[in-house]
Amino acid sequence: LRGKDEVRKFIEDFSFPGITFVPTKFDDGELSSCFTWEVTLEGAEDTIKGISLYEIDEVSRKITYVRDVPESAIKPPILGKLARQLRPGLGVFSGVPIGSREGGK
């Protein structure tokens, strides 16, 4: 996939009635990328958030790796809560400027 338009079409092809999939943040990688998302189920008050990681083959330009990681259905996640109590800085992430990584756009 190249560019936001191709990624958007890829995501739209996975649309199902009653489910709204909303990508929220995109990475700018060359051979690998990730994006965060939210899923809303019709009639449900809460959303499900997650992150998807994609890697493509440098020669064929085909996707070779996909990992989708949804948030825990248990709020707050039991192990995450325990980990934050033991190491308070764990899981604190911050963004980087677009294009700040070598090869990024």
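Values below: all heavy atoms of this structure, side chains included; hydrogens, waters and symmetry mates excluded.
- In this structure, T40 and E45 have side chains that are not in contact, with every pair of non-hydrogen atoms separated by 4.5 Å or more.
- In the hydrophobic cluster analysis, where Ile, Leu, Val, Met, Phe, Trp and Tyr join through side-chain heavy atoms closer than 4.5 angstrom, V22 is grouped apart from F26.
- The two residues F21 and V39 make their nearest non-hydrogen contact at CD1-CG2, 3.6 Å.
- The CD atom of E42 sits 8.0 Å away from the OG1 atom of T20 when rounded to the nearest 0.5 Å.
- E38 approaches T47 most closely through the heavy-atom pair OE1-OG1, 3.6 Å.
- The two residues S52 and W37 come nearest to each other via the heavy atoms OG-NE1, 2.8 Å.
- Here NZ of K25 is found 6.0 Å from OG1 of T36. Values are rounded to the nearest 0.5 Å.
- In terms of heavy-atom proximity, V66 sits nearest to D68 at CG1-OD2, 4.1 Å.
- Side-chain contact check for I19 versus L41: some heavy-atom pair is nearer than 4.5 Å.
- Here CD of E30 is found 9.5 Å from CD of E58. Values are rounded to the nearest 0.5 Å.
- Checking side-chain atoms of E71 against main-chain N and O of K49 turns up a donor-acceptor pair under 3.5 Å.
- For D27 against S32, the heavy-atom pair with the smallest separation is OD2-O, 3.9 Å.
- Using the six-membered ring where Trp is involved, F35 and Y54 have ring planes that are parallel, under 30° apart on the 30 and 60° scheme.
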